[in-house]
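Letters go in sequence order (proteins before strands), and every chain restarts at 1. Below, all heavy atoms of this structure are taken into account, side chains as well, without hydrogens, waters or symmetry copies.
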There are 2 protein chains.
Amino acid sequence: MKKRATIYDIAKALGITISTVSRALNNSDLISATTKDSVLRMAKQLDYRPNRLASSLSSGKTYIIGVIVPSAEIHFFSSFVSSLEVEFKRAGYSILLYQSNESFQSEENGVTTLLEAQVDGLIISPSLATTNFKHLERLHQENKPLLVFDRTDNRIAAPQVGIDDEKAGYLAASHLVQAGYQRIAFVSTASEITIFKNRFEGYLRALKQFKIPFDSSLVVRKGMSIDAGISGTNELLKLSRRPDAIIGGDDFTALGILNALSKAGIQPPEIGVVGFANQLFSAYITPSLTTIDQQATKMGAESAKLFLTMLQSASPQEMAEKRVVLEPILITRNTTSLEKQVLD
Amino acid sequence: MKKRATIYDIAKALGITISTVSRALNNSDLISATTKDSVLRMAKQLDYRPNRLASSLSSGKTYIIGVIVPSAEIHFFSSFVSSLEVEFKRAGYSILLYQSNESFQSEENGVTTLLEAQVDGLIISPSLATTNFKHLERLHQENKPLLVFDRTDNRIAAPQVGIDDEKAGYLAASHLVQAGYQRIAFVSTASEITIFKNRFEGYLRALKQFKIPFDSSLVVRKGMSIDAGISGTNELLKLSRRPDAIIGGDDFTALGILNALSKAGIQPPEIGVVGFANQLFSAYITPSLTTIDQQATKMGAESAKLFLTMLQSASPQEMAEKRVVLEPILITRNTTSLEKQVLD
DNA sequence: GTGAAAGCGCTAACAT
DNA sequence: ATGTTAGCGCTTTCAC
């Protein structure tokens, strides 16, 4: 295992200095074509590979972006990360990945870890447990770009990319009303996360618009998961005045809802069901699930684009007010309608 | 934006030298408890945060592991990465993520990028397009751990973690035979990737064992995707002697197969269908899909465990022969059987 | 137990 | 166009 060649080795071999080598390697314009050429040639000959660490230490830029997601296993997030990585790679940036696992403390540790690794900036979707944002202020202090996606919250002083969650809730509820449903239940989380509150607001707005009285017994907050969907539905079915439609907090919750309904001998769209997220499976289950698409890929691309401009900017702080709000997309399928669906 | 505190600041404030500070911070045992204490206190007071970059440059260890996957969007891989990240985080390592996007060139670039970032090692599942492994030998040269997962290949000199793919193919085919099917088709990729060849070998072994003649017209190699499943199935249905069961290269292919069968008015298990991967959706589609589970989470955990021991080892090269072979798990569902299934 | 000093490999003024 | 020379912040011998 012989030592890696450094710019010193190139300089020595060529009888020039390291600054010249460095310039040649970095394509500086104040260098002669011949020198540049011989340096490049010698670099290849010595199998030279730059040590980005040394460069980073000296220049202060690592070309690494920290990304914190609740879980990389959730399709929405992996899809987002995937899209982000593609865009960043193109711009010469890499992604250091950290999962908060929906834990606030883990998220704090993540910020620390990534900051110590000297990332050039941080992109995050806060955990469900995150209710204060002090740990994110450190990015400010270090004058490093911070961007929040999906679980946006105006209490965080940073640009944010997400969907219009109020509208998403509205879309879900109004779609159901227009499909003829009247008693629309809502099974979701008790989390104080802004986007979930907003979805609920949208649901309320739709009810109001269509002059449907709000009935709090139709709101169940047991979390978001298959199990939560099942137990929430069972609870709803016990009501003297049952719902005729149920909105799930996400597609997994909706899956649980479908399962519980099926066990009770009810086949949607007899009772309507709407999910959130447009998980891959939602098109393929039977009945296929009506849901709201969150545009993970587009969100990733938009986030990358915005973030790259922040990285150029001398004072990323000034962009803190920036918001990118993508349209939620209602995907109508068989849990709310009897039309034949085709897999695509 | 005042400058971050360094060990120099701590040293100056305390009237001691940076070596002492460094030792105290790193919990060296040849330091007095009082000094250690005062250093820690002062560090906190100055809001000191270590610069891992500097430490890495000096020590040669970054505590960052490069991970190259074909795509972070595929559930198997995101699930693997997620599991890996959890285990590594626990051991103080972070993950630098790179997607090859099934391109050999991109994969090569990935190796370069990660190596320049001075990762402490590399974990990879090679792209479908990867047929030579020179780019991975660089890890050897730098004496850094390399681990291959899932798409294992004995031509790579590195420890490998995967499932027994021959057995997986065998399980799929023998299960079908035992369920009463006789003409079993195989829709997969033409890729020369070892694991796909092995699955096919397993399929052949099952046929042989049950004395079912091999019929090459039942083997379709159009790739693995929903579309490939659809067109492959349409092709098979045109045969004068149709198959009575079809194995798909992965769950998406199987999804396409189901779709094409449904269009042709055929409802499994009339024709049996088996997939690979146990994607999340496979339990929830109708009919639910019989498939082979690849144990992504366990594979991630096993990989992390093995990799961590390699990181301890002075000569990780010596572990190149190490293989961890997980059992593929047959998940029997409704596409091969009429028993009632319950969502779990 | 603590200090002095030489690096780690590169960047970026400043000089020439 | 090229060279000189401080660093970047930390680790790690080697002394004392």
Closest to side chain of [X], choosing from [options]:
{"X": "B/S32", "options": "C/dG1, C/dC10, D/dT11", "answer": "C/dG1"}
{"X": "A/I16", "options": "D/dG3, D/dA1, C/dG9", "answer": "D/dG3"}
{"X": "A/L30", "options": "C/dT11, C/dC8, D/dA1", "answer": "D/dA1"}
{"X": "A/S58", "options": "D/dT12, C/dG7, C/dC10", "answer": "C/dC10"}
{"X": "B/S19", "options": "D/dT12, C/dA12, D/dG7", "answer": "D/dT12"}

Exercise. Does NZ or CZ of B/K61 lie under 6.0 Å from the centre of the six-membered ring of B/Y63, at an angle within 45° of the ring axis?
Worked result: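 Pair B/K61/B/Y63 counts as cation-pi.
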
Figure out the [atom1]/[atom2] separation between [X] and [N], and round it to whole Å.
{"X": "A/K61", "N": "D/dC8", "atom1": "NZ", "atom2": "P", "value": "18 Å"}
{"X": "A/N27", "N": "C/dT11", "atom1": "CG", "atom2": "P", "value": "13 Å"}
{"X": "B/Q118", "N": "D/dG9", "atom1": "CD", "atom2": "P", "value": "19 Å"}
{"X": "A/R4", "N": "C/dC10", "atom1": "CZ", "atom2": "P", "value": "10 Å"}
{"X": "B/R49", "N": "D/dC10", "atom1": "CZ", "atom2": "P", "value": "13 Å"}
{"X": "A/I10", "N": "C/dG9", "atom1": "CD1", "atom2": "P", "value": "13 Å"}
{"X": "B/I7", "N": "C/dT2", "atom1": "CD1", "atom2": "P", "value": "15 Å"}
{"X": "A/N26", "N": "C/dG9", "atom1": "CG", "atom2": "P", "value": "17 Å"}

Could you tell me whether the phosphate oxygens of [N], OP1 or OP2, come under 4.0 Å of any side-chain nitrogen or oxygen in [X]?
{"X": "B/S22", "N": "D/dT11", "value": "yes"}
{"X": "B/Y8", "N": "D/dT11", "value": "no"}
{"X": "B/T17", "N": "C/dG3", "value": "yes"}

Would you mind classifying the nucleic acid contact of [X] as base, sugar-phosphate or nothing, using non-hydrogen atoms under 4.0 angstrom?
{"X": "A/L53", "answer": "nothing"}
{"X": "B/R23", "answer": "base"}
{"X": "A/S55", "answer": "sugar-phosphate"}
{"X": "B/S56", "answer": "nothing"}
{"X": "A/I31", "answer": "sugar-phosphate"}

For this session: Return the 5'-most residue of the pair B/N51, A/I18 with respect to DNA chain D, ranking by each residue's nearest nucleotide.
Result: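 Nearest-nucleotide comparison on DNA chain D picks A/I18.
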
Are [X] and [Y] close enough for a salt bridge, meaning some N to O gap below 4.0 Å?
{"X": "A/R4", "Y": "B/E142", "result": "yes"}
{"X": "A/E102", "Y": "A/R151", "result": "yes"}
{"X": "A/K134", "Y": "A/E137", "result": "no"}

Problem set entry | For the student: nearest non-hydrogen atoms of A/P145 and A/L139, plus distance |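 Shortest heavy-atom separation between A/P145 and A/L139 comes out as O-CD1, 3.9 Å.
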
For this session: Would you mind telling me which of B/V148, B/L306, B/V324, B/T309 makes a side-chain contact (heavy atoms from CB on, under 4.5 Å) with B/P159?
Result: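 With B/P159 as partner, B/V148, B/L306, B/V324, B/T309 yield a single side-chain contact (heavy atoms from CB on, under 4.5 Å), made by B/L306.
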
